Number of protein chains: 2
Amino acid sequence: MPDPSRTPQLRLREFLPYRLSVLSNTISRRIAELYDREFGLTIWQWRVMAVTGDAPGISATEIGQRTAMDKVAVSRAVAGLIEVGYLERKSSEEDGRRSKLYLTPAGTSVYDEIVPMAIAEEQALEAVLTPEERVELTRLMEKLAGSASPDRPLW
Amino acid sequence: MPDPSRTPQLRLREFLPYRLSVLSNTISRRIAELYDREFGLTIWQWRVMAVTGDAPGISATEIGQRTAMDKVAVSRAVAGLIEVGYLERKSSEEDGRRSKLYLTPAGTSVYDEIVPMAIAEEQALEAVLTPEERVELTRLMEKLAGSASPDRPLW
DNA sequence: GACATTTAGTTTCATATGTAACTATTTATG
DNA sequence: CATAAATAGTTACATATGAAACTAAATGTC
């Protein structure tokens, strides 16, 4: 007969936040390695390129919102991309604080190479799931995201 | 009629590795904040305590295997925990390189406090899912983990 | 048993990251 | 319009992290 006063067991390996973290880190590390090896880009730089390619003229702040990066990370990623010539900055006419970002031709050509690779990679990852499972996973993740959103107090 | 030669679209927000990373980071940040605020522990220190509480006498290497931490991270977390008096090291009789780790009484008392809190927290997080959904999520995550395991080549 | 190899764990060093302070510009308030 | 408050983005600083070098002990090989 178990003693109910004992501290309940916690098995790290069954702990959802832990499992999520390990899975996400495993995948992220793989991807980081690929982008670094193939294009010399960090994940952050790649995210900036991804949204800039999708929305030319975007501002650093908007990039932050779309990529869940903080403004310092965006600033650094942008600086690095300008340095290697993949990104170009024009200051906004309407607002002198803001700058508009664009892929350069070199940046666009990297973008055009990297996007299919990224998509292929995601598909390779998701290939183990059926289409129904993918939909279901997305649904469950969204439920969790709602539960974990930073503005919502935990208890 | 869309031009098939154009680069296909990639929407970061729909990209599974990205979504996983954001979800995991959101949850991890919350937890890190809680453990830091309540106990002055980092996530790594907490993971070390969790497995040591579960398997007293465990070695640093085994901790690394159970927690998906590298040996440097384990070493640092252990050093910090010894410093604050939550962990105790005894060197192994059989193998002089290895050391066995134990929670001290102070460490045990923190452990006994933190475990129910961690469990409650996980339950709060999972409360948005039905039991069936939890099982399903675990199954899907395991499929992905198999697909993403570091030893498996991507293409 | 001497020497090479492996393993456990720590330390060092270089880089990444987050927080806070800062500059520049715009917007709001009296 | 002068000044305060807010916003965009950068810089500086302190800390975290990972890779590689290192120490010490154990194991394998001749």
Side-chain angles (χ1 to χ4, degrees), chain A residues 21-22 24-26 28-33 35-37 40-48 51-52 55 57-83 87-102 150, chain B residues 21-22 24-26 28-33 35-37 40-48 51-52 55 57-83 87-102 150:
Chain A
S21 161
V22 170
S24 166
N25 289 342
T26 304
S28 289
R29 198 163 304 135
R30 275 180 88 82
I31 294 180
E33 218 169 285
Y35 292 171
D36 180 35
R37 174 162 35 85
L41 296 176
T42 67
I43 291 251
W44 313 114
Q45 289 176 331
W46 158 237
R47 285 191 188 168
V48 167
V51 297
T52 306
I58 194 171
S59 74
T61 302
E62 288 170 305
I63 290 177
Q65 288 158 357
R66 291 211 196 183
T67 58
M69 291 166 68
D70 73 44
K71 63 183 181 171
V72 177
V74 173
S75 174
R76 287 198 261 242
V78 166
L81 289 168
I82 288 174
E83 180 141 348
L87 220 63
E88 179 180 22
R89 182 180 2 226
K90 296 181 183 165
S91 58
S92 160
E93 325 276 277
E94 316 87 55
D95 187 337
R97 294 166 303 180
R98 192 167 293 202
S99 47
K100 297 167 157 194
L101 297 163
Y102 301 88
Chain B
S21 161
V22 170
S24 166
N25 289 341
T26 303
S28 290
R29 197 163 305 136
R30 276 179 88 84
I31 293 179
E33 216 168 287
Y35 292 170
D36 179 37
R37 174 161 35 85
L41 296 176
T42 67
I43 291 251
W44 312 114
Q45 288 176 332
W46 158 237
R47 285 191 188 169
V48 166
V51 298
T52 306
I58 194 171
S59 73
T61 301
E62 289 170 304
I63 290 177
Q65 288 158 357
R66 292 211 194 183
T67 58
M69 290 165 68
D70 72 44
K71 63 182 182 170
V72 177
V74 173
S75 175
R76 288 198 260 244
V78 166
L81 289 167
I82 288 173
E83 179 139 350
L87 220 64
E88 179 181 21
R89 182 184 355 231
K90 295 181 183 164
S91 57
S92 162
E93 325 277 275
E94 316 86 56
D95 186 338
R97 295 166 301 178
R98 192 168 292 203
S99 47
K100 298 168 158 195
L101 296 163
Y102 300 89

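Letters go in sequence order (proteins before strands), and every chain restarts at 1. Just so it is clear, the structure is predicted and the values come from calculations on it, not from any experiment. In what follows, every heavy atom counts, from backbone to side chain, and hydrogens, waters and symmetry copies are set aside.
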Need two values: the first and the last nucleotide of DNA chain D, 5' to 3', having an atom under 4.0 Å from any heavy-atom of chain B.
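On DNA chain D, the outermost contacted nucleotides are D:dT17 to D:dA26.
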Of all the choices, C:dG9, C:dA21, C:dT7, which nucleotide is nearest to the side chain of B:Arg97 once you look at every atom?
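The answer is C:dT7.
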Minimum-distance nucleotide to A:Lys71 side chain [options: C:dA21, C:dT11, C:dT17]
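For the A:Lys71 side chain, the nearest candidate turns out to be C:dA21.
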Output the rounded distance in Å from [atom1] ([X]) to [atom2] ([N]).
{"X": "B:Trp44", "N": "C:dT17", "atom1": "CH2", "atom2": "P", "answer": "13 Å"}
{"X": "B:Glu62", "N": "C:dT7", "atom1": "CD", "atom2": "P", "answer": "15 Å"}
{"X": "A:Arg76", "N": "C:dA16", "atom1": "CZ", "atom2": "P", "answer": "10 Å"}
{"X": "B:Gln65", "N": "C:dT7", "atom1": "CD", "atom2": "C1'", "answer": "12 Å"}

Starting from the first five and the last five pairs of the helix from C:dG1-D:dC30 to C:dG30-D:dC1, work out the angle between the resulting helix axes, to 10 degrees.
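The two end axes of the helix from C:dG1-D:dC30 to C:dG30-D:dC1 meet at 10°.
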Heavy-atom donor-acceptor pair, B:Arg89 side-chain to C:dG9 base, under 3.5 Å:
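Between C:dG9 and B:Arg89, which were checked side chain against base, a qualifying N/O pair under 3.5 Å is absent.
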Straight-line distance of B:Gln45 CD to B:Leu87 CG, nearest 0.5 Å:
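Between B:Gln45 CD and B:Leu87 CG, I get 9.5 Å after rounding to 0.5 Å.
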How do B:Val72 and A:Asp70 order along DNA chain C: which one's closest nucleotide is nearer the 5' end?
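So the residue in question is B:Val72.
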5′-ward residue of the pair A:Ala60/B:Glu94 relative to DNA chain D:
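Nearer the 5' end of the strand: A:Ala60.
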